[in-house]
Amino acid sequence: MAIKYSVPAIIEKLFRTSEASKEELITLLGVLIKEDEAFLLEKAFEKRNEIYGNSVYVRGLIEFSNYCTATCNYCGLRSDNTIERYRLSEDQIITQCKIGYDFGYRTFVLQSGEDPWYTKDRLVAIVAGIKKCCTDAAVTLSIGERTEEEYQAFFDAGADRFLLRQEAYNKKLYDNMHPGMDHENRISCLRTLKKIGYQTGAGFMVGIKNQTLENIAEDLIFMKELQPDMIGIGPFMPSQNTPYEKESPGDAELTLRVLAITRLLVPHALMPMTTALVSLCPEIRERALKAGSNVIMPNLTPDNGGYKYKLYDNKSVTEGLDQEKMAALSKKIKEVGFDLQMVRGDVIK
Ligand code: SAM
Ligand code: SF4
């Protein structure tokens with residue numbers, strides 16, 4: 001394909017207007033020349049500073065159940081996988097948030113597999129219970145696909161945010177990754193969440209089997225259209241006993257470039273430094289922060305339940321209730337010019 005523009009010209013255009021065609025994005029993603037990459041990262045860094053300064057928001061992650069009825073080919077929690085399963089009770093989840101709140105956390109992310117044991121009423125009670133004892137904290141749900149009525153009930157109970165990655169905007173790729181699942185419903189759930197009024201999070205993995213640069217460009221264009229408040233982008237990581245266990249992990253450098261382009265396309269987005277990226281390449285932290293990551297999610301799951309929440313092999317866990325480890329993390333982040341903040345950290349628009 002003929003390249004119509006120079007890479008810096010496309011980046012400048014993205015920086016000014018956040019407009020780019022699929023061809024231009026593919027060109028950017030294919031950039032291998034170090035010089036150009038540095039320019040892209042610099043522009044993303046400028047944009048991030050313009051909106052969020054040097055803030056890095058902290059969210060307490062509670063992985064409350066690893067039961068899952070879904071069959072995502074890449075994930076260690078998929079229903080066919082034989083792993084030790086666990087579930088936290090309503091009280092355990094609320095208590096854990098209270099402990100996190102007393103530690104200083106002002107946002108909790110409740111994440112699980114698709115687990116119908118948590119009925120609408122149970123989840124409403126959990127969200128309301130957290131809001132009662134952690135009054136000024138935000139609650140984020142990341143529990144997969146539910147009906148509009150359920151999403152509305154969680155919102156009415158006080159849930160503020162919802163993370164649901166589209167995983168792939170391209171239907172063929174999505175169907176490949178998710179046997180028996182419904183692409184249309186995934187995208188429609190995202191639009192419903194936005195309509196209800198949640199701060200909504202989308203995202204995808206980089207380097208999943210059969211994904212092309214064109215597919216990534218399609219996801220980027222979808223996110224530019226959807227303008228989510230949060231965007232999770234991390235490399236695919238292989239997981240034992242899944243259909244994709246023998247696949248190679250996604251490329252950390254490409255993930256970094258995708259993060260930087262996303263920062264330019266959706267400038268206000270809150271973008272976590274994903275555990276997958278840090279697990280793949282711990283030394284990338286500083287560059288990921290500069291490329292636009294502005295959220296970190298230490299783990300608050302009790303009794304290291306987090307270690308059983310094994311989406312993929314060699315998953316790293318930041319223990320979020322350990323004073324020393326958190327102080328060390330804050331220091332490390334300060335050393336590279338950023339400021340770790342335990343605040344609600346709402347989206348700035
Ligand atoms: N079950 C809910 C869902 O799928 O939306 C929330 C939890 S799910 C574990 C959260 C995210 O983990 C998914 O959206 C997926 O992108 C990511 N994930 C799962 N398996 C992964 C893997 N092998 N490598 C990298 N990320 C993975
Ligand atoms: Fe279940 Fe989410 Fe993993 Fe899919 S990605 S198997 S829905 S936990």
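Both counts, for ligands and for their atoms, begin at 1 and track the order of listing.
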So how far is it from [X] [atom1] to [Y] [atom2], rounded to the nearest 0.5 Å?
| X | Y | atom1 | atom2 | result |
| --- | --- | --- | --- | --- |
| M342 | Y57 | CE | OH | 14.5 Å |
| M297 | T318 | CE | OG1 | 10.5 Å |
| D229 | Y198 | CG | OH | 13.0 Å |

So, does Q166 use its side chain to make a donor-acceptor pair with the main chain of A202 at under 3.5 Å? no

Quiz item: Under 3.5 Å, is there a donor-acceptor pair between the side chain of T135 and the main chain of K132?
Solution: no

So for A70 against ligand 1, with non-hydrogen atoms under 4.0 Å, the contacting part is neither

Going by the 4.0 angstrom heavy-atom rule, the piece of E145 near ligand 1 is neither

* To do: Report yes or no: is the cationic atom of K315 (NZ for Lys, CZ for Arg) closer than 6.0 Å to the six-membered ring centre of Y309, at no more than 45° off its axis?
  => no

Side chain to side chain contact (heavy atoms under 4.5 Å, CB included) assessment of S65 paired with Y118
CA-CA 9 Å; S65 162; Y118 297 90; 3.6 Å; yes

**Message:** Under 4.0 Å from atom 6 (S) of ligand 2, can you find at least one protein heavy atom?
**Reply:** yes

Just jot down the ligand 1 atoms closer than 4.0 angstrom to any heavy atom of [X], in number order.
| X | value |
| --- | --- |
| Y74 | 19 (C), 20 (N), 21 (C), 23 (N) |
| C75 | 19 (C), 20 (N) |
| R186 | 3 (C), 4 (O), 5 (O) |

Within the supplied structure, the quantity of interest is the number of heavy atoms (other residues, nucleotides, ligands) at a distance under 6.0 Å from [X] [atom1]; does it exceed 12?
| X | atom1 | answer |
| --- | --- | --- |
| N314 | CG | no |
| K349 | NZ | yes |
| E50 | CD | yes |

Among protein heavy atoms, which lies nearest [atom], and at what distance?
| atom | value |
| --- | --- |
| atom 27 (C) of ligand 1 | M205 SD, 3.6 Å |
| atom 23 (N) of ligand 1 | M237 O, 2.7 Å |
| atom 10 (C) of ligand 1 | Q111 NE2, 3.9 Å |
| atom 12 (O) of ligand 1 | L311 CD1, 3.6 Å |
| atom 1 (Fe) of ligand 2 | C68 SG, 2.3 Å |
| atom 8 (S) of ligand 2 | G113 CA, 3.6 Å |
| atom 4 (Fe) of ligand 2 | C72 SG, 2.3 Å |

Under 4.0 Å from one or more heavy atoms of E114, ligand 2 contributes atoms 7 (S)

Quick note on ligand 2: atoms under 4.0 Å from a heavy atom of R78 include exactly 6 (S)

Closest by any non-hydrogen atom to [atom]: pick that one out of [options].
| atom | options | answer |
| --- | --- | --- |
| atom 17 (C) of ligand 1 | K310, Q166, R165, E245 | R165 |
| atom 1 (N) of ligand 1 | C68, C72, S112 | S112 |
| atom 25 (C) of ligand 1 | P235, G144, G250, G234 | P235 |

What do you reckon, does [X] have a nitrogen or oxygen under 3.5 Å from a nitrogen or oxygen of ligand 1?
| X | answer |
| --- | --- |
| Y309 | no |
| E167 | yes |
| I143 | no |

* **Carboxylate-amine/guanidinium proximity below 4.0 Å for K332 and E286** => no

At a threshold of 2.8 Å, where the distance has to be below it, does atom 1 (Fe) of ligand 2 have an N, O or S atom of C75 nearby?
no

task = Say whether E114 and T69, considering side chains only, have a donor N or O and an acceptor N or O under 3.5 Å apart.
result = no

As a quick check of understanding, evaluate side-chain hydrogen bond (donor to acceptor under 3.5 Å, both in side chains) for Q240 and D313, giving each step before the final call. CA-CA 7 Å; Q240 268 174 17; D313 307 334; 4.6 Å; no

task = Quick one: do N215 and T212 satisfy side-chain hydrogen bond (donor to acceptor under 3.5 Å, both in side chains)? Show the steps, please.
result = CA-CA 5 Å; N215 294 145; T212 61; 3.1 Å; yes

Notebook entry, point to check: Can S142 be said to touch ligand 1, with heavy atoms closer than 4.0 Å?
Noted result: yes

